[in-house]
Amino acid sequence: MADVAVVGGGVGGLAAAIRLAAAGHDVTLLERNAELGGKLTVRSRDGFTFETGPSLLTLPRVFDDLFRVAGTSLPQEVDLVRLDPACRYRFADGSGFDTHDRVDDTVASLEAMSPGSGAEYRAFLDHGRRVWEVAERSFFAGPIESPLRLVRRMRSPLDLLAIDPLRTLAGRAAASFTDPRLRRFVGRYATYSGSSPFLAPATLACIPWIEASLGAWYPRGGLGTLRDALAGTARTLGVHVATGAEVVEVLADDRAVRGVRRADGEIVEAGVVVADVDALHLYGDLLDDRGALRQARRAPRSSSGFVLLLGVEGATPMLAHHNVAFSADERAEFGALFGPRRQPVADPTVYVCCSARTDASQAPAGCENWFVLVNTPEGRGVDWSRHASGYRDHLLEVLAHRGWDLAGRVRFCEVVTPLDIEARYRSPGGSIYGTSSNGRRAAFLRPANRGPRRGLYLVGGSSHPGGGLPLVAMSGAIVAGMVAEDLAR
């Protein structure tokens, strides 16, 4: 068995470490921050708790499979609640609907807003199911280093047609729904990977089916309980965990890796290095490989985000655990995010998470914990050190315009900008998900899970299969399988 160094303790790195340690490898995990979890982070203040990264768990069986490798299970580690409603949607004209735990209930909510749309929704979900059935056994089943490798995992040419890769998500929405408001609803799922519905493939239509059929879940106590369970499981398996341990170099010759060097000068020798860091950081700072860096730069970057953490007094009528208030102009919004003149969106779609609606432990009695997120362009085109306070005030005005006037109710307001995201996670430009799904070739432009040196592997949002909690956990499984195959040769 090889010694393994995992650089980065995000969910992808933890997943890989758990699987490799369970397989008998001697694993050392090095995390530059003071706590594990990567973007799965929690902020607490004055009795309020905020999930500052993922706030929803989908595809829980991905994590159940991971824990079972270690001899436990997801139900043993966290107390999951299936949310109902899963999300409350509101449009610029004041109309809206809820997605529920039961499809029949969602259909009833849709029919109340848009008569006749229920049948369209059922047909759309059925299409999403077919997409997922093919994607699960092909796209997510292993590494993708070329289109040919993906095609080889398909059963027939009909599989390629089923995943709808040539149409955009916006195109699929237009073909599926008569009501333009429901096209907006579908387009939102592109933002799950920091993408635009006008650029991302219609394959993403499987996500609404996943939520509707497999559930939208919340771990009681917050998503931090999942992070703690992963970290505890890794330690129980014997993973040597070091926090506050920044890696400054991946040691390698022209053929293979031989370990990593920490910022304090300590060398950790390893025949396998798993990098749970952004590929641009890996090839730009940790390993001198201009070819790999040039290739990584070809992958489209995901959007970033601007966040308000609000401690709010009192109860807000009609507020759910998850809420989305759409902008008036979808094309203008995504044009600002991904167009040639990228800039903060003046009229953004706003996502509000208030986990205290489900879990009273997340806020003081009689209060609410508001996590407010709007998408912003990645990159350094905005001087957030100068403009953060102005955009904060603007977003509070946007909230009031959307029916959430918090005047006189806010105990405190903390701001997280793209600069903060970049600094904490070494994610260039503050890209939340690393690479996006924009473009028909996006999946093949992502940096490969196998690096350019023998023994080097990549996990996390910038590599296959992309960003988001279940996907980065899948990347850990893919890489653990690759390590086993490569060492067996």
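Model, not experiment: these values are computed from the prediction.
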For R331, is the CZ atom crowded, meaning more than 12 foreign heavy atoms sit under 6.0 Å from it? no

Return yes if some donor-acceptor pair links the side-chain N/O of D98 with the main-chain N/O of S109 below 3.5 Å, else return no. no

Donor-acceptor under 3.5 Å (E414 side chain, L309 main chain): no

What class does the angle between the rings of W384 and F306 fall in, given that below 30° is parallel, 30 to 60° is tilted and above 60° is perpendicular? tilted

Residues passing the side chain to side chain donor-acceptor pair (under 3.5 Å) test with R392, sequence neighbours excluded, are none

Under 4.5 Å between any side-chain heavy atoms of N438 and F334, yes or no? no

Kindly indicate whether a cation-pi arrangement holds for R184 with F91, taking the cut-offs as under 6.0 Å to the six-membered ring centre and within 45° of the axis. no

Any side-chain heavy-atom pair of L230 and L66 under 4.5 Å: yes

Interatomic distance, F63 atom CZ to L74 atom CG [nearest 0.5 angstrom]: 8.5 Å

Flag side-chain contact, heavy atom, 4.5 Å: H322 against C353: yes

Using side-chain heavy atoms (C-beta onward) and a distance below 4.5 Å, is V345 in contact with S327? no

Listed partners of T236 passing side chain to side chain donor-acceptor pair (under 3.5 Å), at least two apart: none

State which residues pass ring pair (Phe, Tyr, Trp, His ring centres under 6.0 Å) with W404; sequence neighbours excluded, sorted by chain then number. W370

Determine, stepwise, if the pair H321 / C354 fulfils side chain to side chain contact (heavy atoms under 4.5 Å, CB included). CA-CA 5 Å; H321 188 136; C354 179; over 6 Å; no

Check for a donor-acceptor pair, side chain of H394 on one end and backbone N or O of A346 on the other, with a separation under 3.5 Å. yes

Give a yes or no on whether a salt bridge exists between D164 and R172, defined as a side-chain N under 4.0 angstrom from a carboxylate O. yes

Using only atom types and a distance under 3.5 Å, with no angle test, would you say the side chain of R68 pairs donor to acceptor with the backbone of S73? no

Contacts of R130 meeting side chain to side chain donor-acceptor pair (under 3.5 Å) (sequence neighbours excluded), chain-then-number -> D126

If you count the non-hydrogen atoms of other residues, nucleotides and ligands that lie under 6.0 Å from NE2 in H387, is the total more than 12? yes

Is the shortest heavy-atom distance from the side chain of P208 to the side chain of V186 under 4.5 Å? no

Looking only at atom types and distance, does a side-chain atom of S462 sit under 3.5 Å from a main-chain N or O of A279, one as donor and one as acceptor? yes

Between the CZ atom in R235 and the CG atom in L14, the distance rounded to the nearest 0.5 Å is 9.0 Å

Check whether any side-chain N or O of D359 sits under 3.5 Å from a backbone N or O of G221 as a donor-acceptor pair, and report yes or no. yes

Heavy atoms of S44 and T49 approach each other most closely as OG-OG1, 3.6 Å

Does R181 make a cation-pi contact with F326, if we ask for NZ or CZ under 6.0 Å from the ring centre and within 45° of the axis? no

State the CG-CD distance between D64 and Q76, to the nearest 0.5 angstrom. 9.0 Å

Evaluate the side-chain proximity of R409 to L310: yes if any heavy-atom separation is below 4.5 Å, no if none is. no

Mind running salt bridge (Lys or Arg N to Asp or Glu O under 4.0 Å) on R19 and D65 for me, showing each step along the way? CA-CA 10 Å; R19 290 182 177 277; D65 289 345; 5.7 Å; no

Looking only at heavy atoms, which two atoms of L395 and P348 are closest? And how far apart? CD2-CG, 3.9 Å

Looking at T349, is its backbone amide N or carbonyl O close enough to the side chain of E333 to form a donor-acceptor pair, meaning the two atoms are under 3.5 Å apart? yes

Mark yes or no for whether N323, through its side chain, and V352, through its backbone, hold a donor-acceptor pair below 3.5 Å. yes

Nearest heavy atoms of A175 and R167, plus distance in Å: CB-NH1, 3.5 Å

Within the 4.5 Å heavy-atom criterion, are P465 and I478 side-chain neighbours or not? yes

So, using ring pair (Phe, Tyr, Trp, His ring centres under 6.0 Å) as the criterion, who are the partners of F67 when residues are at least two apart? none

Taking atom CG of N375 and atom OH of Y351, what is their separation to the nearest 0.5 Å? 12.0 Å

Rounded to the nearest 0.5 Å, how far apart are CG of L469 and CH2 of W217? 15.0 Å

Side-chain donor or acceptor of T72 paired with backbone N/O of A70 under 3.5 Å: no

Does a side-chain heavy-atom distance below 4.5 Å link V11 with L226? no

State whether the side chain of T243 and the backbone N or O of E31 hold a donor-acceptor pair below 3.5 Å, judged by distance alone. no

Lys/Arg-Asp/Glu bridge criterion (N-O < 4.0 Å) met for E211, R188: no

Full working for side chain to side chain contact (heavy atoms under 4.5 Å, CB included) between L29 and L36: CA-CA 10 Å; L29 187 150; L36 300 177; 3.7 Å; yes

Hey, which of R424, R301, R426, R446 is the one that makes salt bridge (Lys or Arg N to Asp or Glu O under 4.0 Å) with D278? R301

Going by the ring-ring contact (aromatic ring centres under 6.0 Å, His included) test, which pairs reach into residues 99-129, not counting sequence neighbours? F124-F177

Please assess F50 against V307 for the test side chain to side chain contact (heavy atoms under 4.5 Å, CB included), listing each intermediate value before the final yes or no. CA-CA 11 Å; F50 303 92; V307 172; over 6 Å; no

Let me see the working for H281 and L286 under side chain to side chain contact (heavy atoms under 4.5 Å, CB included), right down to the final yes or no. CA-CA 7 Å; H281 173 50; L286 306 185; 4.0 Å; yes

Before you tell me yes or no, could you show the steps for F338 and F198 under ring-ring contact (aromatic ring centres under 6.0 Å, His included), namely the whole-Å CA-CA distance, both residues' side-chain angles and the distance that decides it to 0.1 Å? CA-CA 10 Å; F338 297 104; F198 301 105; over 10 Å; no

Drop me the distance from L445's CG to T435's OG1, to the nearest 0.5 angstrom. 9.5 Å

Minimum-distance pair of heavy atoms, taken over all atoms of G194 and S436: O-CB, 3.6 Å

I'd like to know if E35 and R227 make a salt bridge, using a cut-off of under 4.0 Å between side-chain N and carboxylate O. yes

Could you report the tightest heavy-atom contact between T52 and V42, atom names first, then the distance? OG1-N, 4.2 Å

Looking only at heavy atoms, which two atoms of V239 and A17 are closest? And how far apart? CG2-O, 3.9 Å

Determine whether the side chains of S355 and E51 contain a donor N or O and an acceptor N or O closer than 3.5 Å. no

